[in-house]
Number of protein chains: 2
Amino acid sequence: MGVLEKIKVGKRPTIVPMAELPLDQILRSDCIAAMRALPAKSVDMIFADPPYNLQLGGDLARPDGSHVDAVTDAWDKFDSLDAYDAFTRAWLAEAKRILKDNGAIWVIGSYHNIFKVGAAIQDLGYWILNDIVWRKSNPMPNFKGTRFTNAHETLIWASMGEKARYTFNYRSMKTLNDELQMRSDWEFPVCGGPERLKKDGIKVHPTQKPEALLYRILLACTKPGDVVLDPFFGTGTTGAVAKRLGRRWIGIEREPDYIAAAEERIAAALPLDESMLKTMQSPKAAPKVAFGVLVENGFLTPGRFVVDARRKHRAMIRADGSLESLCGATGSIHKLGATLQNAPSCNGWTYWHFETGEGLKPIDALRQEYLLATQP
Amino acid sequence: MGVLEKIKVGKRPTIVPMAELPLDQILRSDCIAAMRALPAKSVDMIFADPPYNLQLGGDLARPDGSHVDAVTDAWDKFDSLDAYDAFTRAWLAEAKRILKDNGAIWVIGSYHNIFKVGAAIQDLGYWILNDIVWRKSNPMPNFKGTRFTNAHETLIWASMGEKARYTFNYRSMKTLNDELQMRSDWEFPVCGGPERLKKDGIKVHPTQKPEALLYRILLACTKPGDVVLDPFFGTGTTGAVAKRLGRRWIGIEREPDYIAAAEERIAAALPLDESMLKTMQSPKAAPKVAFGVLVENGFLTPGRFVVDARRKHRAMIRADGSLESLCGATGSIHKLGATLQNAPSCNGWTYWHFETGEGLKPIDALRQEYLLATQP
DNA sequence: GCGGCGCATGAATCCAACG
DNA sequence: GCGTTGGATTCATGCGCCG
């Protein structure tokens with residue numbers, strides 16, 4: 001790794017599960033060169049915020065005459081659309097080499113670049129799982145009244161291939177979204193206020209991303225201890241949130257000013273305590289309960305009958321927690337429900353019901369009762 | 001046009017400004033073949049809802065076991081990603097030939113295809129103006145809990161090139177959005193209820209788009225009388241809305257069932273009356289008034305002084321409606337304001353103020369008075 | 001101390017007609 | 001085609017100053 005100038009941030013953790021990876025460090029280097037030096041199949045996730053290739057024209061003024069501070073940094077300049085395309089495919093290819101087979105990649109962009117990025121992702125054999133829209137609650141207006149206010153950015157989440165596995169903490173997202181499935185459109189304000197890193201009153205990085213965005217991504221798609229690589233580290237939002245969430249991180253960045261700001265910021269970030277992480281990570285709000293346990297514990301007795309909500313199908317409870325229908329078919333509550341409906345799958349907990357004085361109730365209600373009675 | 005079987009819908013309007021175009025008709029044909037038969041630089045807008053190339057796996061069932069009705073039609077099947085890419089580039093290239101120099105294209109898609117579409121649009125020399133997110137207020141949930149609820153689709157709006165002109169009815173959009181700039185994220189419900197076309201209780205088209213979506217697009221980016229082409233016409237949402245809004249339309253569609261449904265639907269669509277259209281179209285609430293006209297009409301007399309809001313700059317009104325500052329600089333209200341502020345431009349109407357008993361007032365207030373006094 | 005007002009600012013592909 | 005000129009154009013938020 002002669003090309004890399006490693007810079008440690010804070011204390012190197014005592015446990016280093018992958019000795020060859022430069023964990024919790026910023027590699028000062030060109031992004032592609034640094035990625036080439038990393039071992040294959042070694043990181044769990046990549047979050048990338050590459051240059052957008054904005055191609056801005058002349059100066060822009062607000063209606064009040066004030067000047068708009070545009071992104072004119074050299075790192076966002078490319079000679080042509082083809083040059084940008086080549087750059088995009090090069091770093092995405094390296095990313096694919098570095099990712100574990102069950103890893104995943106997130107890339108953020110705007111209409112200037114995201115279509116090129118997405119097309120490259122598909123061509124390289126990644127499998128897109130979702131595109132996510134970051135709706136900005138406070139976007140910059142369109143000052144000349146020539147287009148729609150550009151009020152969002154787009155993220156792509158992709159696995160390593162069509163059949164590849166990936167991490168998705170469904171329960172964490174549902175909990176975070178007030179017990180509704182998390183949707184593909186997320187609303188956050190742009191990064192500002194105390195969160196925005198400044199030096200002498202001037203923003204350190206023109207496009208610092210909000211921590212809330214990274215928080216949701218890392219919470220949804222990584223496990224504690226997972227390694228997250230950010231090849232366009234900037235001022236280290238990914239590192240700061242990874243540290244907070246008990247994930248390991250690797251940053252790649254060229255600009256010394258950005259690196260210095262990131263180091264300071266990450267050193268100050270406070271990790272959440274482990275019990276908090278465990279709670280957020282838990283795949284289910286409640287532990288699993290087998291139907292047989294309810295039978296064992298007398299909530300339903302063998303020989304009783306359960307029916308579907310319309311009383312079309314009827315089955316007898318057996319001692320082992322399986323069901324037997326009148327036609328002789330047997331199986332678990334899920335299996336028999338699927339068989340009788342001629343469906344590929346079935347949630348037996350909500351499909352099967354039992355008779356009460358107040359009419360039918362789903363057997364799931366008994367599971368709730370059991371949990372209430374047994375949980376501390 | 002031997003390959004085309006033209007089908008008229010309703011009465012052909014008596015005024016046909018472009019005799020060579022098959023206006024207000026559905027062309028029963030393959031989309032690329034039909035486009036090849038249309039003259040170059042002849043249509044003002046293309047709205048396209050191409051196949052999404054969904055690549056669905058096996059059947060999908062809801063948690064209650066019911067079957068999810070997926071898009072499995074032959075027209076959404078492609079042999080490979082490359083085949084889809086080639087198809088996309090072919091029709092987009094024809095579209096570019098057909099569009100007028102100051103025309104524009106809209107394409108809708110999902111993450112399955114929109115990145116390929118967007119990349120092709122850029123490669124073909126179109127210039128992306130915005131990407132728009134259609135947020136579905138009632139999306140289908142992710143039944144397996146394996147991903148985020150796919151709750152949006154993406155539209156791309158592009159002009160014919162970087163320097164090309166295009167139509168954007170800024171005021172109409174701002175009015176439609178309660179006097180705030182229209183943003184790039186739009187919320188609509190998916191097409192359902194009475195709007196959803198059905199035959200024998202079964203939906204005619206699997207991906208019928210809501211009319212509200214087309215309404216906003218056509219209102220924003222076309223003028224009355226403009227010609228809108230939809231190369232994937234389906235059940236004719238574009239035609240129905242175009243007729244309602246006083247725009248001309250051309251549809252291309254292969255499936256006879258879709259054509260039949262579209263014909264019936266468009267025949268029943270009621271055009272808005274002309275005065276309504278004019279109101280929605282008006283670029284400004286008020287006509288232009290030159291500053292000199294106010295001087296001519298005695299609202300301000302030559303020799304009086306105007307100042308900026310902070311009283312930093314002061315200028316004398318001259319008889320011809322120009323201003324002269326104390327330092328001797330002269331020019332229009334806009335020009336002098338820009339000069340004195342050392343700014344590239346300036347809106348003189350809001351920059352310059354005059355003294356009243358209640359303090360300073362912008363000269364724009366006098367323009368309003370003038371308009372009130374002279375407008376019928 | 002608190003509320004109100006003014007100012008600054010954020011990934012921006014940001015004018016159009018006429019001579 | 002190009003240079004000139006008239007004139008149209010902004011939303012949410014945070015911060016600091018002032019009363």
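Quick note: numbers below take in every heavy atom, side chains included, and nothing from hydrogens, waters or symmetry partners. Everything quoted here is computed from the prediction, not taken from an experiment.
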Legend entry - Pairing partner (Watson-Crick or G-U wobble, both distances under 3.5 angstrom) of C:dG4: D:dC17

Inset, instruction - Could you check if the base of C:dT13 is syn or anti? Syn means the glycosidic torsion is within 90 degrees of 0. - result: syn

Inset, instruction - Could you tell me whether the side chain of A:Lys209 has a donor or acceptor atom within less than 3.5 Å of a complementary atom in the base of C:dA11? - result: yes

Inset, instruction - Would you mind classifying the nucleic acid contact of A:Asp49 as base, sugar-phosphate or nothing, using non-hydrogen atoms under 4.0 angstrom? - result: base

Inset, instruction - Determine the Euclidean distance between corresponding C1' atoms of C:dC14 and D:dG7; express it in Å to zero decimal places. - result: 15 Å

Inset, instruction - Using a 4.0 Å heavy-atom cut-off across all strands, classify A:Glu153 as base, sugar-phosphate, or nothing. - result: base

Legend entry - Rounded distance in Å - CD (A:Gln55) to P (C:dT13): 11 Å

Inset, instruction - For C:dG1 and D:dG16, measure between their C1' atoms and round to the nearest Å. - result: 15 Å

Legend entry - Geometric cation-pi criterion, B:Arg216 with B:Trp186: 6.0 Å, 45°: yes

Inset, instruction - Would you indicate what B:Cys346 reaches in the nucleic acid, counting non-hydrogen atoms under 4.0 angstrom: base, sugar-phosphate, or nothing? - result: base

Inset, instruction - Report the residue (A:Gly192 or B:Ser345) whose heavy-atom-nearest nucleotide on DNA chain D is the more 5′ of the two. - result: B:Ser345

Inset, instruction - Just call it for A:Pro50: base, sugar-phosphate, or nothing, with non-hydrogen atoms closer than 4.0 Å on any strand. - result: base

Legend entry - Presence of A:Thr146 side-chain N/O under 4.0 Å of C:dC15 phosphate oxygens OP1/OP2: no

Legend entry - Gap in Å between the two P atoms, one belonging to C:dA11 and one to D:dG6, rounded: 36 Å

Inset, instruction - Using the closest heavy atom to pick a nucleotide of DNA chain D for each, name whichever of B:Ile333 or B:Leu180 lands nearer the 5' end. - result: B:Ile333

Inset, instruction - Look at the side chain of B:Asn102 and the backbone N and O of B:Thr167, then say whether any donor-acceptor pair between them is shorter than 3.5 Å. - result: no

Inset, instruction - Using only heavy-atom distances, decide whether a donor-acceptor pair under 3.5 angstrom links the side-chain of A:Arg147 to the base of C:dT13. - result: yes

Inset, instruction - Kindly say whether B:Leu218 contributes a backbone atom to a donor-acceptor pair with the side chain of B:Thr222 at under 3.5 angstrom? - result: yes

Legend entry - Side-chain donor/acceptor of A:Asp76 to backbone N/O of A:Leu54, under 3.5 Å: yes

Inset, instruction - For A:Gly65, answer base if it contacts any base atom (sugar-phosphate contacts may also be present), sugar-phosphate if it contacts only those atoms, and nothing otherwise; contact means non-hydrogen atoms under 4.0 Å. - result: nothing

Legend entry - Pair of N/O donor and acceptor under 3.5 Å linking C:dG10 base with A:Arg62 side chain: yes

Inset, instruction - Pick base, sugar-phosphate or nothing for A:Thr207, based on heavy-atom distances below 4.0 Å to the nucleic acid. - result: base

Legend entry - Pairing of B:Asp123 and B:Arg89 as salt bridge, 4.0 angstrom limit: yes

Inset, instruction - Mind checking A:Asp69 for me? I need base, sugar-phosphate or nothing, with any heavy atom below 4.0 Å counting as a touch. - result: sugar-phosphate

